[in-house]
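Here is the structure we will look at.
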Amino acid sequence: GVYTCLDRKGEIYSTDKSVWMQGRCGWIFSYLCHLYGVKEEWLAAAKSCIDFLEDHCINRAAGGRMYFTVTEDGQPLRQRRYCFSEAFYALANGEYFGVTGETEHLERSRRAYDLYWDLNHGMADPTGLGPKTIPETRTGRAFGTPMIILNVTGTLQRVDPDPERQALYAQRASQCVEEIFQYHVKPELKCVLENVGPNGEPRLNYTEGRTVNPGHDIEGVWFLLEHAQRTGDKALVEKAAEIFDWAIEAGWDKEYGGLLYFTDCLGKPPEAYEHDMKLWWPHDEILIASLMLYRDTGREGYLNWFEKTLDYCKAHFADPEYGEWYGYLRRDGLPTQPSTKGSTFKGPFHLPRMLCMCDQMLSELLART
């Protein structure tokens with residue numbers, strides 16, 4: 001497996017392991033092999049993380065649910081309600097199958113993918129943890145659910161050779177896109193709401209119901225653009241562009257630069273204390289989405305956003321002395337944790353994914369000229 005709690009110099013400051021980071025790391029090293037050809041050290045890193053997941057990170061007494069954190073040697077520490085660990089396990093195994101052709105990994109990926117789908121479409125959680133809020137009082141929908149399913153589905157559409165599964169993936173991908181626009185996209189508010197009622201109704205009388213996460217919206221934009229490219233849906237490109245325009249307008253800090261973490265759709269005070277921080281991953285998503293929009297629309301404004309964001313990242317996130325990026329900045333652009341580079345939540349995923357994807361798109365754009 002992989003340690004992700006690394007200080008500025010790359011030394012380990014905590015040996016506890018993030019389960020979803022094992023999946024993300026297993027995916028990124030497999031993806032590197034997919035893009036650039038197999039290197040044994042990449043494949044070995046991917047296999048190490050995937051094997052660690054299989055041997056230590058599955059709660060088999062709870063229907064195959066994944067833990068959230070484990071100890072260095074794989075003893076379970078924490079189980080969480082949400083199921084992103086399962087999504088990244090499916091992503092890693094699927095990509096690894098695509099590189100190696102080892103069918104066991106495809107089967108693992110399918111099982112986890114179906115579990116993730118079922119958990120988010122009415123199946124009772126076998127952990128027994130229950131929802132965070134009392135469902136008789138309040139329940140609803142979260143934007144992250146269809147967004148992440150759409151991303152995992154896209155990878156499985158690329159690697160899974162089975163025609164029946166391909167038909168299932170196409171149906172589920174279309175359903176995810178439909179759910180995003182039916183329930184979360186609010187043109188009247190010029191935003192995507194993170195949390196809505198069961199029928200997509202806005203709940204504007206409390207802070208969670210007004211929350212906008214601009215970085216999340218922009219990440220969703222390029223998931224939608226990839227789906228549009230797979231299906232040839234040009235209208236979806238324009239819809240995705242509109243979401244980007246809303247998010248960057250609402251979220252870009254006009255005083256200090258960089259993207260705010262949370263905003264309120266009505267301009268009221270966000271409740272989260274970290275709302276005005278600048279996190280590394282939303283800026284990675286801007287770089288991917290803006291370049292993809294430029295590729296797909298040819299509009300110079302999106303290339304300008306790519307260059308503006310890249311300049312900000314070089315000035316504030318990148319560490320010229322020890323490499324890599326800081327994860328968390330104050331609003332004014334200074335790092336809140338100048339001594340750290342990785343954590344339970346920050347590992348080898350958003351930044352290398354951005355570098356890979358932008359490399360591919362820039363090469364494509366250069367080839368056009």
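All values below come from the heavy atoms of this structure, side chains included, with hydrogens, waters and symmetry mates left out. These numbers were taken from a predicted model, which means no experiment stands behind them.
- We find that Glu238 and Lys234 are not joined by a salt bridge, their nearest charged nitrogen and carboxylate oxygen being 4.0 Å or further apart.
- The shortest heavy-atom contact between Trp42 and Gly37 is CZ3-O, 3.6 Å.
- Side-chain contact check for Asp160 and Tyr169: at least one donor-acceptor pair (N or O, by modelled atom type) lies under 3.5 Å.
- Counting only heavy atoms from C-beta outward, the side chains of Glu324 and Lys346 approach each other to under 4.5 Å.
- Closest approach of Tyr31 to Cys356, counting heavy atoms only: CE2-CB, 4.0 Å.
- Taking 4.0 Å as the cut-off between side-chain N and carboxylate O, Glu255 and Arg331 count as a salt-bridged pair.
- Taking 4.0 Å as the cut-off between side-chain N and carboxylate O, Lys190 and Glu242 do not count as a salt-bridged pair.
- Annotation: cation-pi geometry satisfied between Arg24 and Phe88 (NZ/CZ under 6.0 angstrom from ring centroid, within 45° of ring axis).
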Walk me through whether Val2 and Ser48 qualify under side-chain contact (heavy atoms from CB on, under 4.5 Å). CA-CA 8 Å; Val2 65; Ser48 175; over 6 Å; no
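- Looking at heavy atoms from C-beta onward, Tyr261 lies in side-chain contact with Glu274 at the 4.5 angstrom threshold.
- For Phe68 and Phe84, the ring centers are positioned 6.0 Å apart or more.
- In this structure, Leu329 is a member of the same hydrophobic cluster as Ile218, with clusters built from ILVMFWY side-chain heavy atoms closer than 4.5 Å.
- Between Lys341 and Asp7, no side-chain nitrogen of the basic residue sits less than 4.0 Å from a carboxylate oxygen of the acidic one, so the salt-bridge criterion is not met.
- Using a 4.0 Å cut-off between charged side-chain N and carboxylate O, Arg108 and Glu54 make a salt bridge.
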Apply the test ring pair (Phe, Tyr, Trp, His ring centres under 6.0 Å) to residues Phe349 and Trp27: give CA-CA distance (whole Å), side-chain angles for both, the deciding distance (0.1 Å), then the verdict. CA-CA 8 Å; Phe349 182 66; Trp27 175 79; 5.7 Å; yes
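- Side-chain atoms of Asp16 and Thr344, non-hydrogen and from C-beta on, never get closer than 4.5 Å to each other.
- In this structure the side chain of Arg299 never reaches within 4.5 angstrom of the side chain of Leu293, judged on heavy atoms.
- Ala112 and Tyr89 make their closest contact through CB-CD2, 3.3 Å (heavy atoms, listed as atom of the first residue, atom of the second, distance).
- When side chains are defined from C-beta on, Glu95 does not count as touching Thr100, because their heavy atoms never get closer than 4.5 Å.
- Within 6.0 Å of CD in Glu41 there are more than 12 heavy atoms belonging to other residues, nucleotides or ligands.
- A salt bridge does not link Glu226 to Arg295: none of the charged nitrogens lies less than 4.0 Å from a carboxylate oxygen.
- Between the side chains of Tyr256 and Arg330, not a single donor N or O lies within less than 3.5 Å of an accepting N or O.
- Between His105 and Tyr96, the ring planes lie perpendicular to each other; the angle is over 60°, past the 30° to 60° tilted range.
- Under a 4.0 Å N-O distance rule, the pair Asp51/Lys47 qualifies as a salt bridge.
- Counting all heavy atoms, side chain and backbone alike, Thr127 lies closest to Arg65 at CG2-CG, 3.6 Å.
- Atom CD of Glu249 has 12 or fewer heavy atoms from other residues, nucleotides or ligands within 6.0 Å.
- Proximity of Lys308 to Asn304: side-chain heavy atoms (C-beta onward) are nowhere separated by under 4.5 Å.
- In this structure, a donor-acceptor pair under 3.5 Å is absent between the side chains of Gln229 and Asp296.
- Counting heavy atoms from C-beta outward, Leu259 and Ile286 have side chains that approach closer than 4.5 Å.
- Ion pairing between Arg110 and Glu107 holds under the 4.0 Å rule for side-chain N and carboxylate O.
- Using a 4.0 Å cut-off between charged nitrogen and carboxylate oxygen, Glu285 and Arg353 count as a salt-bridge pair.
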For Asp264 and Val212: C-alpha separation, side-chain torsions, deciding distance, then whether side-chain contact (heavy atoms from CB on, under 4.5 Å) applies. CA-CA 6 Å; Asp264 184 284; Val212 176; over 6 Å; no
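- Taken to the nearest 0.5 Å, the CG atom of Leu193 stands 10.5 Å off from the CZ atom of Arg210.
- By the 6.0 Å contact criterion, NZ on Lys186 is enclosed, its count of non-hydrogen atoms from other residues, nucleotides or ligands being greater than 12.
- Note on Ile180 and Tyr82: same hydrophobic cluster, where clusters join Ile, Leu, Val, Met, Phe, Trp and Tyr whose side-chain heavy atoms are under 4.5 Å apart, directly or indirectly.
- In summary, Arg172 and Asp114 engage in a salt bridge, as defined by a charged side-chain N under 4.0 Å from a carboxylate O.
- Between Tyr183 and Phe143, the distance separating the two ring centers is not shorter than 6.0 angstrom.
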May I have the step-by-step check of ring pair (Phe, Tyr, Trp, His ring centres under 6.0 Å) for Trp280 and Tyr326, ending in yes or no? CA-CA 7 Å; Trp280 87 105; Tyr326 298 109; over 10 Å; no
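- Between the side chains of Gln175 and Gln171, at least one donor-acceptor pair of N or O atoms lies under 3.5 Å.
- Other residues, nucleotides and ligands contribute only 12 or fewer heavy atoms inside 6.0 Å of the CD atom of Glu271.
- In terms of heavy atoms, Trp222 sits closest to Met357 at CZ3-CE, 3.5 Å.
- In this structure, Lys17 forms a cation-pi arrangement with Tyr3, its terminal cationic atom sitting closer than 6.0 Å to the ring centre and no more than 45° off the ring axis.
- Within the model, atoms CG of Leu91 and OG1 of Thr155 stand 4.5 Å from one another, a figure rounded to the nearest 0.5 Å.
- Side chains of Tyr113 and Thr153: a donor on one and an acceptor on the other come within 3.5 Å.
- Closest approach of Ile28 to Pro348, counting heavy atoms only: CG2-O, 3.3 Å.
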Under the criterion side-chain contact (heavy atoms from CB on, under 4.5 Å), I'd like the reasoning laid out for Asp162 against Gln166: C-alpha separation, chi angles, the key distance, then a yes or no. CA-CA 6 Å; Asp162 183 83; Gln166 284 294 328; over 6 Å; no
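- Using a 4.5 Å heavy-atom cutoff, the side chains of Thr71 and Thr15 are not in contact.
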